[in-house]
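The sequence lines fix the lettering, A, B, ..., with proteins before strands; numbering per chain opens at 1. Below, each value reflects all heavy atoms present in this structure, side chains not excepted, and no hydrogens, waters or symmetry copies.
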2 protein chains.
Amino acid sequence: MNVVVQKYGGSSVATPERIKNVAQRIKKKVDEGYKVVVVVSAMGKTTDNLIKLAKEISPRPDSRELDMLLATGEQVSAALLSMALKDFGVKAKSLNAFQVKIKTTSHHTSARIVDIDDSVIWENLKDYDVLVVTGFQGVNEHGDLTTLGRGGSDTSAVALAAKLRVPCEIYSDVDGIYTCDPRVHPRAKKLAYITYDEALELTALGAKVLHSRSVEIAKKYGIPIYCASSFTEEEGTMVVERLPEWLEEPVVTGATISHGQIKVSISFLPKDVKYITAIFEEVGKKALNVDMISLVPSNGKIFLSFTILEDHKEDLDEALKEALRDVEGWKSTYEGGFAKLSIVGVGMRTSPGVAARFFEALERAGVTPELVTTSEIKISCLVPEEKAEEALKSVIEEFEL
Amino acid sequence: MNVVVQKYGGSSVATPERIKNVAQRIKKKVDEGYKVVVVVSAMGKTTDNLIKLAKEISPRPDSRELDMLLATGEQVSAALLSMALKDFGVKAKSLNAFQVKIKTTSHHTSARIVDIDDSVIWENLKDYDVLVVTGFQGVNEHGDLTTLGRGGSDTSAVALAAKLRVPCEIYSDVDGIYTCDPRVHPRAKKLAYITYDEALELTALGAKVLHSRSVEIAKKYGIPIYCASSFTEEEGTMVVERLPEWLEEPVVTGATISHGQIKVSISFLPKDVKYITAIFEEVGKKALNVDMISLVPSNGKIFLSFTILEDHKEDLDEALKEALRDVEGWKSTYEGGFAKLSIVGVGMRTSPGVAARFFEALERAGVTPELVTTSEIKISCLVPEEKAEEALKSVIEEFEL
C-alpha cells in the first residue's frame, strides 16, 4: 500500500472553491495509486475569529475551553473537504482527534503530541482511499481536547507521517523554501533541497514555511518533507537529512531578517554565574522570549546583552531589579528599532572564511553589527532596522542567494 | 445533591452578551444550591449557516460529513458558555458527545439517542457545579458523530434528565405554552400546566415551543419539563403527566393553525385496501408527508382525501399513476390554499359536545370544513386559508382560550 500524508494550510482551504480545488489535487494522487492521509487546518481566518469571539466573552478565556472552542475549526474544514472528495467519487472520511486518538500532553493551547493510535488509520485505510484528519489538535489524558499552538497542523502532519513511517507533503500558499524572502527579493532562489538543520534554523528565524516543531519531528524520525504550493503545479522544496550526493553543497543556503528586535544591555555585573542565572530565570517568569545572548567579561565585571521581541520594558525592569537586588552599581539600557539578519547553511561547517565574507558584506553596506551570535550552521547579527534591507541585499549578493 | 438539567436554545446564546446573561442565570441556580447540567444549542443561525456552507461544496452533502460539520456548532457555544461561567467564578466545564458518550442510532442527520453514560456526568458533578453539554448530537456504534434533527437539543436535554432522573428546564425566546399563538392573538392565555399528551398534539401541530420527541421521552420516563423564557423572569409552563388536583381541568387547552396545506382527493377507487396501501407506499417513496387522511365509501367505490405540506404535484401524480396502474376510471384533484385548524385538550375525553361547539364556532365564522379528522384529545379541520384566522378567532371565543 502506497501511503502518503498531505497537509493543507488555512489559506489552501479558505473558501468552498479552494476546498474543491484541494479535493481535485488529492483525487489526482489517489488516481496515481496512493492512499492519502490528509491533515487540514481551519479555513482561512477561522482560528483568529474564534479567539476574537472568546475574548468578547472573557478577557482571559479559560485555556481548556479555548481549546474546546478552537478545535471546531479543523473539524469544519475536515468535514467539508471529505464532502467535496465524496462528490468527486473518492472514498473519503473525516476523523477528529477523538477518533484518531491523538494523545497529547495536558498543556492547553500548547500541547505536545505524545502518541497517535496508527491502528485506527491503518484499519480505516482498508476501506477508504482518503482519510481527512483534523490538524492542530489532540486529546489529553483527562479526555479533554487540546491544541498544539500556532503552526500545529504541520506538527500533526509530520507526527502522523512519522508514526505511519510514510513521506509527508506540506501544501500552503508558499511554493517552497527560498534562499531569502521572495516577496522582498524577487531574485531569491527556490531551493530544491534543504537539510533539516538548515530548515530548523530558518524557521526559528521566522521563515514561515514550516513550523519548527514539525521539522524537529521529521529529523528525529527521518521523514522527508516536501513543501509546495496548493495553488500551482510548481516543484517545491524537499527537506531531508542529507543533500543528495549529486548536488553541490552551497556554503550558505538562506538569509533572513527578523524584525522588531529590542536590545537589552546590562553592564557592570559581578563575575558570578548566579546573577546570569537569576536574570534569565526572572525574565523567563515574565514570559519574555530571549534571543542573541552575548556575554563579555571586562575588568573583573561582566557585560551582558540580549534581545527580546516583545516591548515590555516594565516587565523587564521588574525582572532585572528582582534578579539583581543584592547587586550594586549595575546599569541597563533598553533600545528598540533593531532587526536580526542571519545566514544559514550546513556548508559553513566545512567552509572557512564564511564569517569574514559576511562581515565584508555588512561593511560594504555601511552597517556595523550591534550584536553577533553564531551556531555551527548560522551567523546572526543585530543591525539597525533602517539599514537591515540594505545589509541583507549586500549579503545576498555576496553569497549569490 | 440537587441536580437539574437546563436547556438553552439558539436564540438564548446567539451573542456573547446573551451567553453572559445565560451564565448569570445558571450562576443564580448554583447559588440556590443546585448542580446544573446545561444543554446548549448552536449560537443563533449557526446551524443554518453551516448547512449553507456545505451546500456550496456539494448540492447533496454526504450525511456523515454533514453531522461532523454541524456538531461543531454546539461545541462552540458549550465552550463559550463555560468560559463565561468560569469568569463569573462558577466551577464549570464543557463536554461534547464523545466525552459524555451519548450513544445514538446510526441514522445521520436524524439519529435517535440509544443510551447516555450517566456515570461521566455523576463523576464530573463531584468536582464541578455546572457541566455544559453539547445538545443535538451523539456518537453512533461506528464512533461517528451523529445529529438528532431539528429541535434535537430539546431531546438531548430531556434524555439526559431522564437518565439522571432529575427535572428538566427548557429555556428559549418563548415564555411558555399558550392556548393559541400569542403573536397572532394578543389575548391568548399562558398555561401554568399542560399534560404530555396535550403538548404532544400541540407540538405535532406546529407549536414550536418543544420538540415532540423530547415530550415523548419526558412522558415515557415521567420527567417534568418546565418551559420558560431565558430573557425574562416570568413564570413559564410545566409539562406533566396529570394536571394538579386543584386545577380545574379545561376542556380545550389550545388551538393552533398550520398553514400551507394542500388537499388531495382521489375518487372512484375500487373498494380494496390494496390500492389504499399502494397509494401511501408510493407517496411515501417520494418523501411526501401525508396528514388528515379521510376515507369515505360510496356506491361500492372509495373516495379518499388527504393533505400534504409540500407542493410537489409532479411527484404526487407519478406516485398515484404508479399505485393505480391497474385501475381504470379513477380521478384525482390537487388543490392548495388550505390551513389546518385544530383544538387540543385532555378534557375532551370526558366532556361530550366539544365537537358540536367546535362546528358551531366554525358556522358562526361562515366556514365549512373541507376535511375533518379527530383523535381522543384533538379535533382538526381543513379550511380555506383566507378564512382560517376568522375561524380560529371564533373557536378561541367559544372555548375562552
Check the pair Met83(A), Leu69(B) against side chain to side chain contact (heavy atoms under 4.5 Å, CB included), reporting the backbone distance first and the verdict last. CA-CA 10 Å; Met83(A) 282 176 200; Leu69(B) 179 73; 4.0 Å; yes
Is the number of heavy atoms from other residues, nucleotides or ligands under 6.0 Å of Glu32(A) CD greater than 12? yes
Please check if any side-chain donor atom of Arg64(B) sits under 3.5 Å from a side-chain acceptor atom of Ser94(A), or the reverse. yes
For chain B, which of Leu70(A), Leu50(A), Thr15(A), Val76(A) has the most heavy-atom pairs under 4.5 Å? Val76(A)
Using non-hydrogen atoms only, which part of Leu80(A) is less than 4.5 Å away from chain B: side chain, backbone, both, or neither? both
More than 12 foreign heavy atoms under 6.0 Å from OH of Tyr34(A): is that the case here? no
Which portion of Leu66(B) sits near chain A, non-hydrogen atoms under 4.5 angstrom: both
Sub-4.5 Å side-chain heavy-atom contact between Ile57(B) and Asp87(A): no
Quick check: are there more than 12 heavy atoms from other residues, nucleotides or ligands sitting under 6.0 Å from OH of Tyr226(A)? yes
Checking heavy atoms, do the side chain of Leu145(B), its backbone, both or neither come under 4.5 Å from chain A? both
When you compare the side chain of Phe98(A) with that of Asn96(B), does any pair of heavy atoms fall below 4.5 Å? yes
Less than 4.5 Å apart, any side-chain heavy atom of Pro16(A) and any of Leu53(B)? yes
Minimum heavy-atom distance Ala78(B)-Glu65(A), with the two atoms named: O-OE1, 4.5 Å
Closer than 3.5 angstrom, by distance alone: can the side chain of Lys20(A) be matched with the main-chain N or O of Glu56(B) as a donor-acceptor pair? yes
Ignoring hydrogens and angles, state whether a donor on the side chain of Thr72(A) or Gln75(B) is under 3.5 Å from an acceptor on the partner side chain. no
For Lys286(B), is the NZ atom crowded, meaning more than 12 foreign heavy atoms sit under 6.0 Å from it? yes
At a 4.5 Å cut-off on heavy atoms, which part of Asp144(B) comes close to chain A: side chain, backbone, both, or neither? both
Does the side chain of His142(A) reach to within under 4.5 Å of the side chain of Gln99(B), using non-hydrogen atoms? no
Name the member of Ala23(B), Ala71(B), Ser58(B) that forms the most heavy-atom pairs with chain A at distances under 4.5 Å. Ser58(B)
Are there over 12 heavy-atom neighbours, none belonging to Arg112(B), within less than 6.0 Å of that residue's CZ? no
